[in-house]
*Asks:* 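Take this structure first; my questions come after.
Every value quoted in this text rests on a predicted model; they were computed, and no experiment measured them. Ligands are counted one by one from 1 in listed order, and the atoms in each one are counted from 1 as well. Positions are given from 1, in the same order as the sequence printed here.
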Amino acid sequence: MNRRMEEMLRHVEEPRGLHSEKCGRPCMDGWILLRPTSSSTMGFWEAFLNWLRSLFFKQELELSLIGLNNAGKTSLVNVIAGDGYSEDMIHTVGFNMRKVVKGNITFKLWDIGGQPRFRSMWERYCRSVSAIVYVVDAADHESLPTARTELHDILIKQSLRRIPLLVLGNKIDKPEALSKAAFAEQMDLKSIKGRKVYCFMISCKDATNIDVVIDWFIKH
Ligand SMILES: Nc1nc2c(ncn2[C@@H]2O[C@H](COP(=O)(O)OP(=O)(O)OP(=O)(O)O)[C@@H](O)[C@H]2O)c(=O)[nH]1
Ligand SMILES: [Mg+2]
């Protein structure tokens with residue numbers, strides 16, 4: 001075999017400019033993405049494959065939002081859904097369910113009333129969700145001990161073990177809002193064991209870190 005033919009065969013066995021990569025979740029076993037390394041065509045292929053994936057892998061995720069009354073749960077759902085922020089809110093009676101579509105993922109958001117009479121419902125609506133989102137008014141120093149107790153009380157339920165937890169310190173637009181470190185300390189987040197715990201400081205009013213929350217939803 002002459003050198004030219006050897007070179008040609010090597011190109012067939014190992015296509016130059018291509019490398020393979022297992023696709024991420026959600027993914028069918030055995031699917032391999034072939035991604036050209038040339039940056040000009042990479043954008044096209046990635047966009048094309050993302051579009052294909054979005055056709056085949058539509059996902060629905062359920063999340064429950066709990067926390068004391070006035071924490072900002074309904075405000076958060078409204079802001080995530082693109083309805084904007086309003087000062088003029090009424091208490092949630094029982095619960096609301098809202099479907100929000102982000103890319104190829106549909107989020108089913110259970111927004112449960114936070115008044116004392118609805119807190120016994122929290123556990124029922126948190127069973128078998130992808131994640132529990134616990135919203136706290138980080139500027140209301142008086143209600144923080146109750147927010148902490150209610151959080152730790154619900155986390156001991158057997159039915160909710162291992163469900164990832166996202167704790168959101170809301171209303172950081174207010175000057176009296178706690179820092180993240182002080183908030184995590186007040187909520188005693190370090191003592192939570194046996195599940196993944198995440199914490200972000202947000203403001204529904206100013207839309208601070210709402211994109212971070214949405215990204216977190218998508219990844220979990
Ligand atoms: N300053 C400020 N106020 C907020 C923010 N988010 C919500 N609020 C206000 O807090 C109040 C309560 O908000 P809701 O979203 O109704 O609270 P909730 O947790 O759903 O309350 P329940 O339905 O009773 O459980 C409303 O007046 C909101 O405008 C925020 O980021 N900053
Ligand atoms: Mg509400």
*Asks:* Decide whether F107 and V101 are clustered together by the hydrophobic rule: side chain heavy atoms of Ile, Leu, Val, Met, Phe, Trp, Tyr closer than 4.5 Å, transitively.
*Replies:*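 No, no single cluster joins them.
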
*Asks:* Could you tell me whether a side-chain N or O of D111 sits under 3.5 Å from a main-chain N or O of S64, the two making a donor and an acceptor?
*Replies:*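 Checking the backbone N and O of S64 against the side chain of D111, no donor-acceptor pair under 3.5 Å is found.
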
*Asks:* By the side-chain hydrogen bond (donor to acceptor under 3.5 Å, both in side chains) test, which pairs, at least two apart or in different chains, include something from residues 155-167?
*Replies:*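 Checked against side-chain hydrogen bond (donor to acceptor under 3.5 Å, both in side chains) - neighbours excluded - the pairs reaching residues 155-167 are E123-S159, Q158-R161.
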
*Asks:* To check you understand the geometry: which heavy-atom pair defines the closest contact between F217 and L61, and what is its length?
*Replies:*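 The pair with the smallest heavy-atom distance is O-CD1, 3.8 Å.
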
*Asks:* For ligand 1, what is the set of protein residues having any non-hydrogen atom at a distance below 4.0 Å?
*Replies:*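 Ligand 1 is contacted, at a heavy-atom distance under 4.0 Å, by L68, N69, N70, A71, G72, K73, T74, S75, Y85, S86, E87, M89, H91, T92, G113, G114, N170, K171, D173, K174, S203, C204, K205.
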
*Asks:* Show me, pair by pair, the donor-acceptor contacts under 3.5 angstrom made by side chains of residues 174-190, not counting sequence neighbours?
*Replies:*
unit_1: S179; atom_1: OG; unit_2: A182; atom_2: N; d: 3.1
unit_1: K180; atom_1: NZ; unit_2: C199; atom_2: O; d: 2.9
unit_1: D188; atom_1: OD2; unit_2: S191; atom_2: OG; d: 3.2

*Asks:* Using 30° and 60° as the class limits, which term best fits the ring planes of W110 and F95: parallel, tilted or perpendicular?
*Replies:*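 Ring orientation of W110 relative to F95: tilted.
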
*Asks:* Give the minimum heavy-atom separation between I80 and K102, together with the two atoms involved.
*Replies:*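 Taking I80 first and K102 second, the nearest heavy atoms are O-NZ, 3.1 Å.
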
*Asks:* Has the side chain of K171 got a donor or acceptor atom that lies under 3.5 Å from a matching backbone atom of A71?
*Replies:*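 Flag not set: sc K171 to bb A71 has no pair under 3.5 Å.
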
*Asks:* Can you classify the ring geometry of F44 versus F48 as parallel (below 30°), tilted (30 to 60°) or perpendicular (above 60°)?
*Replies:*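 Answer is parallel, since the angle falls under 30°.
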
*Asks:* Pull up every protein N/O/S atom sitting under 2.8 Å from the Mg ion (ligand 2), skipping waters.
*Replies:*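 Counting only protein N, O or S atoms under 2.8 Å from the Mg ion (ligand 2), the list reads T74 OG1, T92 OG1.
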
